[in-house]
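Start at 1 and go down the list; that is how both ligands and their atoms are numbered. Any value given below was found using the heavy atoms of this structure, including those in side chains, with hydrogens, waters and symmetry copies removed.
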Amino acid sequence: MKTLSHKIQQIEESQTLAFTQRARQLQQSGIDVASLTAGEPDFATPPHIKMAAIQAIDEDFTHYTENQGTAGLIAAIVKKFASDNNLHFEPPQILVSCGAKHSIYNVMQAICNKGDEVVIAAPYWVSYPEIVKMADAKPVIVEASHDAQFKITAQQLRRAINEKTKAFIFNSPSNPTGAVYSQGEIEELADVVAETGIYVISDEIYEKIVYDGTKHFSIGSIKEIRDQVITVNGVSKAFAMTGWRLGYLGAAEQVAQAAAKVQSQITSNATSISQRAAEIGLKGPMKDVQEMAGEFKRRRDFAVAEMSSIHGLKLCAPKGAFYLFPCMEHFAGKRLNGKIIKDDFDMANLLLDEEHLAVVPGSAFGARNHLRLSYACSMKDLQKGMERFKRGCRKLQEAH
Ligand code: PMP
Ligand code: GLU
């Protein structure tokens with residue numbers, strides 16, 4: 001058989017999906033696995049959104065739509081960006097895609113040349129570096145430390161930029177750390193963006209899930225860099241619609257149209273039925289969204305309190321999104337059952353094999369010896385998961 005492409009051999013499989021799949025397979029074989037892997041709200045999609053989809057099917061709205069998205073959904077997105085984010089777009093500046101992941105992929109294909117560099121702050125969402133590599137560009141990782149609450153500074157960003165830099169991927173609230181940048185911090189980053197002329201891909205998919213009075217601020221609302229910012233969002237997280245596969249972006253027309261060209265040759269439009277549902281979601285009452293955010297806060301408070309009782313673990317309490325990202329350094333290098341637990345991969349495997357708890361190793365997010373636990377699952381699963389996590393940590397604690 002002929003070999004596979006060099007490119008695909010350099011791309012990692014998504015570890016969030018891989019660990020979720022492993023947990024699912026164990027569950028299907030009858031093992032009671034607590035899965036805190038995928039960032040997937042356990043709530044049902046709100047009923048009025050489901051009704052819109054059913055109605056779309058009944059009306060035979062089941063064919064191709066405009067590549068860029070339906071006029072109704074695009075109008076709803078224009079309005080949402082203006083009212084929620086102080087971002088002012090015209091319809092040709094919007095592109096609807098099959099998930100925010102797809103939006104980011106389209107943009108990268110549209111803006112990157114071979115050899116371009118794209119700055120990514122670590123810990124990062126698993127897919128950013130791989131999407132950059134798929135566009136023949138080079139991810140340049142800037143580390144945000146635990147002590148800096150997992151946020152990079154304007155100086156760090158400035159130092160990472162050179163003449164090859166095309167873009168910076170910015171994600172606040174962050175997956176996996178839950179860090180949320182303040183308006184002031186964002187304005188400092190924006191000064192660097194203005195000075196260097198690079199693009200910013202601002203992934204705002206967790207904007208609705210923020211805690212403790214923290215406010216989400218869109219970097220694209222800063223006038224000086226408005227045309228350089230591509231704002232990405234989607235319905236997966238806010239509306240519990242992960243399976244519907246619908247994301248969108250707003251950008252300078254030239255960028256949005258270039259991304260649309262990529263999409264026109266790869267997938268065509270996002271699913272017609274999902275577009276109708278998303279339109280109703282974006283236009284409709286936000287009560288469900290607020291209730292879900294309130295429930296995430298309850299779970300966060302519970303999980304943070306549980307974790308604080310574990311000796312040796314370091315945790316930065318998340319201000320947004322729905323993940324915990326504890327530093328597990330203290331537990332690395334211990335010998336358990338004759339085996340050295342050398343790093344986060346070994347810890348994740350140990351938790352899965354011995355405690356039947358599925359989590360994602362931090363290395364997949366560019367942070368060795370951390371683990372990511374999602375609390376987007378039910379409270380019951382979270383309680384079970386935290387019990388098992390504490391037991392696993394206790395075993396490691398007592399090992400030598
Ligand atoms: N960005 C971030 C930071 C995410 O965590 C996710 C995970 N779903 C996505 C984008 C992609 O979301 P989707 O493709 O489901 O819209
Ligand atoms: N974004 C979610 C996560 O990080 C879903 C899985 C994925 O798309 O990576 O768990």
Side-chain angles (χ1 to χ4, degrees), residues 11-24 35-42 45 69 73 77 95-108 120-132 150 168-181 200-210 216 230-249 259 263 266-267 270-271 274-275 277-278 281-282 296 318 320-325 348 358-367 370-377 385:
I11 306 286
E12 292 282 337
E13 177 187 4
S14 164
Q15 290 301 319
T16 46
L17 298 188
F19 271 79
T20 305
Q21 182 59 12
R22 268 182 74 188
R24 203 173 277 154
S35 184
L36 306 188
T37 50
E40 166 153 66
D42 64 310
T45 302
L73 175 55
I77 293 169
L95 174 63
V96 176
S97 302
C98 314
K101 193 182 266 184
H102 187 210
S103 305
I104 300 167
Y105 180 86
N106 285 338
V107 171
M108 281 301 158
I120 301 173
Y124 46 73
W125 178 45
V126 286
S127 294
Y128 296 146
E130 309 312 301
I131 290 176
V132 168
F150 292 123
F168 165 46
I169 304 184
F170 183 56
N171 176 218
S172 173
S174 151
N175 174 5
T177 66
V180 181
Y181 286 71
V200 179
I201 291 95
S202 181
D203 179 350
E204 306 187 4
I205 193 129
Y206 294 101
E207 69 166 337
K208 299 287 181 208
I209 307 164
V210 286
H216 170 73
I230 297 119
T231 305
V232 174
N233 211 322
V235 294
S236 283
K237 314 291 168 169
F239 297 94
M241 289 177 72
T242 45
W244 300 72
R245 309 308 304 126
L246 195 125
Y248 55 88
L249 63 80
Q263 176 160 305
I266 306 294
T267 57
T271 308
S274 297
Q275 291 193 63
L282 289 174
F296 287 134
F322 36 55
Y323 307 100
L324 298 166
F325 201 62
V359 303
V360 189
S363 294
F365 306 89
H370 286 68
L371 292 175
R372 193 192 78 172
L373 291 79
S374 160
Y375 51 91
C377 58

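For ligand 1, the 4.0 Å heavy-atom shell takes in G99, A100, K101, W125, Y128, N171, N175, D203, I205, Y206, S236, K237, R245, ordered by chain and residue number. Contact shell of ligand 2 (protein heavy atoms, cutoff 4.0 Å): S14, T16, L17, A38, G39, K101, W125, N175, K237, Y323, R372.
If you run ring pair (Phe, Tyr, Trp, His ring centres under 6.0 Å) between Y206 and each of F296, W125, F322, only F322 comes through.
Proximity of a side-chain donor or acceptor of Q263 to a complementary backbone N or O of V96 within less than 3.5 Å is detected. Looking at N171, its side chain does come within 3.5 Å of a backbone N or O of P173 through a donor-acceptor pair. Here the side chain of R372 pairs no donor or acceptor atom with the backbone of L324 at under 3.5 angstrom.
Residues V360 and Y323 are not in side-chain contact: their nearest non-hydrogen atoms beyond the backbone lie 4.5 Å or more apart. Taking the side chain as every heavy atom from C-beta outward, P123 and F325 approach each other to under 4.5 Å. The shortest distance between side-chain heavy atoms of H370 and F150 falls below 4.5 Å. The shortest side-chain heavy-atom distance between I205 and V232 does not fall under the 4.5 Å cut-off.
Residues A277 and W244 come closest through the heavy atom pair CB-CZ3, 3.6 Å.
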